[in-house]
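Below is one structure; the comments refer to it alone.
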Amino acid sequence: MLNFTVGPVMSSDTVRSIGAEQVPYFRTPEFSDVMFENERLIKQFAKAEANARVCFMTGSGTASMEAAVINVFTDKDKVLVIDGGSFGHRFVEILEIHEIPHTIIKPEFGCGVSSAQLSEYDNKGYTGFLVNLDETSVGVLYDIKNISDFCKRNDIFLVVDSISSFLCDPFDMKALGVQVMITGSQKALACPPGISLIVLSEKAVDRVYNNKPRTMYLDLKLALKNGERGQTPFTPAVGILRQINQRLKEIESAGGVDAEVKRIGGLATYFRDKIKECGLPLKIVSQSLPNAVTPLTPTNGMSAYDIFTTLKEKYGIWICPNGGDLKDKVFRVGHIGALTFKDFDTLITALKDMFKQ
Ligand SMILES: *Cc1c(COP(=O)(O)O)cnc(C)c1O
């Protein structure tokens with residue numbers, strides 16, 4: 001199997017071998033140490049402030065998206081949300097379900113949001129901002145510096161879904177004034193799905209302790225309190241947390257987050273250059289590419305979904321199909337997970353061969 005989707009992705013052999021072990025009991029000092037180390041390394045890689053905290057949630061990324069929204073916002077807030085694809089739309093749905101007042105910013109397909117667009121919302125009483133830094137569904141990376149500047153000058157509480165951009169694109173939580181950052185286990189962390197996590201600034205921690213969301217499982221007060229002793233309020237996905245620990249230590253010993261961003265960026269550039277070099281009938285559809293993924297549209301009339309099916313069935317290669325209106329138009333190639341330059345050569349060879357037929 002060769003997997004170029006955007007999650008779950010391929011894991012290293014060491015991470016996989018932990019998956020084969022028995023899952024240990026977790027109310028122990030040994031497991032607390034694993035959790036303390038996970039918190040320390042996540043904070044380090046997010047470039048979070050010293051007093052930031054991390055909540056580890058057992059649930060996919062969406063669980064942490066919903067937890068973040070309902071723990072830091074209330075019906076007294078007025079939130080701006082970028083709805084540039086299916087993940088942005090998920091934030092909108094969460095805001096609707098929880099009756100949090102909001103305004104939607106809808107970028108054009110394949111485009112980011114300019115500072116001119118943002119300045120239309122200056123001095124209008126907004127209190128919160130939600131963005132999926134890499135809108136993975138269409139492969140658009142928003143300009144976080146613009147968003148950060150806008151939020152700083154309007155004193156807006158900034159929540160960033162970095163689920164597919166963490167470890168892929170440069171990010172400095174403290175310098176950008178990001179109050180909440182979310183990521184998940186099955187993207188660039190390259191572990192099985194099941195854990196997502198929320199990094200909270202000191203200001204965000206305060207907000208959580210002063211808020212009363214109508215939820216038990218997603219109440220971050222419980223997660224924060226238990227986290228003080230390296231524990232979680234409920235049985236977590238213990239095995240995946242141990243795999244995350246292994247992966248974080250591997251990233252650290254390979255040079256840390258900057259080296260990992262560079263490695264993934266290098267794979268993305270290599271693949272994009274190869275497509276052009278080989279004259280493949282594929283066009284990149286994003287005007288603002290993230291390192292994690294390349295969204296492509298076939299220019300020879302072939303259906304994007306048929307390309308996905310053919311690669312899977314004839315070549316044993318997985319790419320990522322799109323859904324809805326984009327099903328036949330767009331597919332995506334991920335650059336995250338345990339992938340090498342050689343793997344991208346294999347994909348290019350398969351694409352060449354497929355287009356020849
Ligand atoms: C993958 C992803 C999610 C989370 O999806 P889950 O299926 O709930 O893990 C959320 N936001 C973005 C930007 C993503 O790429």
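Whatever order the structure lists them in is the order used to number ligands and atoms, beginning at 1. Just so it is clear, the model here is predicted, and its values are computed rather than measured.
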Exercise. Is there a nitrogen or oxygen of Thr62 sitting under 3.5 Å from a nitrogen or oxygen of ligand 1?
Worked result: yes
For this session: Using distance alone, determine whether Met65 and ligand 1 share an N or O pair under 3.5 Å.
Result: no
Problem set entry | Polar contact flag, side-chain donor to acceptor under 3.5 angstrom, Thr62-Arg90 | yes
Exercise. By number and element, which atoms of ligand 1 are closer than 4.0 Å to a non-hydrogen atom of Ser164?
Worked result: 15 (O)
For this session: Check each atom of ligand 1 against the heavy atoms of Gly61 and keep those under 4.0 Å away; list them by number with element.
Result: 4 (C), 6 (P), 8 (O), 9 (O)
Problem set entry | Protein heavy atom at shortest distance from atom 11 (N) of ligand 1 | Asp161 OD2, 2.7 Å
Exercise. Does NZ or CZ of Lys329 lie under 6.0 Å from the centre of the six-membered ring of Phe109, at an angle within 45° of the ring axis?
Worked result: no
Exercise. Between Asp328 and Ser303, does a side chain to side chain donor-acceptor pair (under 3.5 Å) hold up when you go through it step by step?
Worked result: CA-CA 5 Å; Asp328 291 312; Ser303 145; 2.9 Å; yes
Problem set entry | Atoms in ligand 1 with a heavy atom of Lys187 nearer than 4.0 Å | 1 (C), 2 (C), 3 (C), 14 (C), 15 (O)
Seminar exercise, completed: Within the 4.0 Å heavy-atom cut-off, what Asp134 brings close to ligand 1 is backbone
Exercise. Quick one: which ligand 1 atoms are inside 4.0 Å of a heavy atom on Thr136?
Worked result: 12 (C), 13 (C), 14 (C), 15 (O)
Exercise. Considering residues, nucleotides and ligands other than Lys314, do more than 12 of their heavy atoms fall under 6.0 Å from its NZ?
Worked result: no
Exercise. If you count the atoms of ligand 1 from 1 in the order shown, which ones are under 4.0 Å from a heavy atom of Arg90?
Worked result: 5 (O), 8 (O)
Exercise. Which salt bridge (charged side-chain N to carboxylate O under 4.0 Å, His left out) pairs, counting each pair once, include a residue from residues 160-175, with sequence neighbours left out?
Worked result: none
For this session: List the closest protein heavy-atom neighbour of atom 7 (O) of ligand 1: residue, atom name, distance to the nearest 0.1 Å.
Result: Ser60 OG, 4.0 Å
For this session: Look at atom 3 (C) of ligand 1 and say which protein heavy atom is nearest, naming residue and atom and giving the distance to 0.1 Å.
Result: Phe87 CE2, 3.4 Å
For this session: Specify side chain, backbone, both or neither for Glu135, according to which of its non-hydrogen atoms lie closer than 4.0 Å to ligand 1.
Result: neither
For this session: Given side-chain contact (heavy atoms from CB on, under 4.5 Å), test Val180 with Ile198 step by step and report yes or no.
Result: CA-CA 7 Å; Val180 177; Ile198 308 170; 3.6 Å; yes
Exercise. Can you list every side-chain hydrogen bond (donor to acceptor under 3.5 Å, both in side chains) pair that touches residues 16-26, not counting sequence neighbours?
Worked result: Asp13-Arg16, Glu21-Arg242
Exercise. Does the gap between the ring centers of Phe331 and Phe308 come in under 6.0 Å?
Worked result: no
